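Working notes, structure below.
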Amino acid sequence: MEKECTYEDFLKVDMRVGEIERALPFPKARKPAYQLWINFGEEIGIKKSSAQVTERYQVEDLIGRKVIAVVNFPEKQIANFMSEALVLGIDSVAGGVSLLQIEHDTPLGTRVY
């Protein structure tokens, strides 16, 4: 188990609900991935992300999907693409990464707590 963190530490990680508006294959990535453009609502806007979810999802499956992502990490250069958000997922027993999802609809940009 990792070292405990305080609730204040947890609040530093800004996780929000976003909707994937655009997804493209990312052949220049070292590991199979997609380039994503995710809308986090009016306050945050659209952020780009690279996601290694090619085993479980096709590009067309991702458009319109609501996801949870960290929006306050520093940008990260991945090949020729600047990733601005970290989409959250878990390893699936069926293989690949499954995206975290919300059970009920919620406005874009809603904070996870």
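Please read these numbers as outputs of a predicted model, since none were measured by experiment.
A continuous path of ILVMFWY side-chain contacts below 4.5 Å connects Val70 to Tyr7, so both sit in one hydrophobic cluster. Cluster annotation: Ile68 is not connected to Leu108 through the hydrophobic network of ILVMFWY side chains, with a link wherever side-chain heavy atoms come within less than 4.5 Å. Hydrophobic clustering keeps Ile20 apart from Leu86 (ILVMFWY residues linked when any side-chain heavy atoms are closer than 4.5 Å, directly or through intermediates). Under the 4.5 Å side-chain contact rule for hydrophobic residues, Val13 and Phe10 share a cluster. By the rule that hydrophobic residues join a cluster once side-chain heavy atoms approach within less than 4.5 Å of another member, Phe40 and Val17 end up as members of separate clusters.
Residues satisfying the side chain to side chain donor-acceptor pair (under 3.5 Å) criterion with Lys66, sequence neighbours excluded, are Asp105.
Interatomic distance, CG of Leu88 versus CG of Leu99, reported as 9.0 Å (0.5 Å rounding). Put simply, CE on Met82 and CD on Gln35 are 12.5 Å apart, with the number rounded to the nearest 0.5 Å. Taking CG from Leu100 and CE from Met15, the interatomic distance works out to 9.5 Å, rounded to the nearest 0.5 Å. Between atom CD of residue Glu84 and atom OG of residue Ser50 there is a gap of 12.0 Å, rounded to the nearest 0.5 Å. The CG atom of Leu11 sits 9.0 Å away from the CG atom of Asp9 when rounded to the nearest 0.5 Å. Atom CG of Leu36 and atom NZ of Lys48 lie 12.0 Å apart (nearest 0.5 Å).
Here the side chain of Tyr34 pairs no donor or acceptor atom with the backbone of Ser49 at under 3.5 angstrom. Looking at Gln77, its side chain does come within 3.5 Å of a backbone N or O of Ala79 through a donor-acceptor pair. Judged by distance alone, with hydrogens and angles left aside, the side-chain atoms of Ser98 form no donor-acceptor pair with the main-chain N or O of Ser92 at under 3.5 Å.
Taking 4.5 Å as the limit, some side-chain heavy atom of Val71 sits within range of a side-chain heavy atom of Arg16. Using a 4.5 Å heavy-atom threshold, the side chains of Arg65 and Gln101 count as touching. The shortest side-chain heavy-atom distance between Asp14 and Arg111 falls under the 4.5 Å cut-off.
Nearest heavy-atom pair across Ala23 and Ile63 is N-CD1, 3.4 Å. Closest non-hydrogen pair, Pro25 versus Val59, comes out as CD-CG2, 3.9 Å. Residue Pro32 comes nearest to Thr54 through the heavy atom pair CB-OG1, 3.3 Å, listed as atom of the first residue, atom of the second, then distance. The minimum heavy-atom distance between Ser83 and Ala85, with the atom names listed, is OG-O, 3.3 Å.
A donor-acceptor contact closer than 3.5 angstrom is absent between the side chains of Glu19 and Asn39.
The environment of CD in Glu43 is sparse: at most 12 heavy-atom neighbours from other residues, nucleotides or ligands sit within 6.0 Å.
Phe81 shares a hydrophobic cluster with Leu24, Phe26, Trp37, Ile46, Ile78; the chain of contacts runs through ILVMFWY side chains whose heavy atoms sit under 4.5 Å apart.
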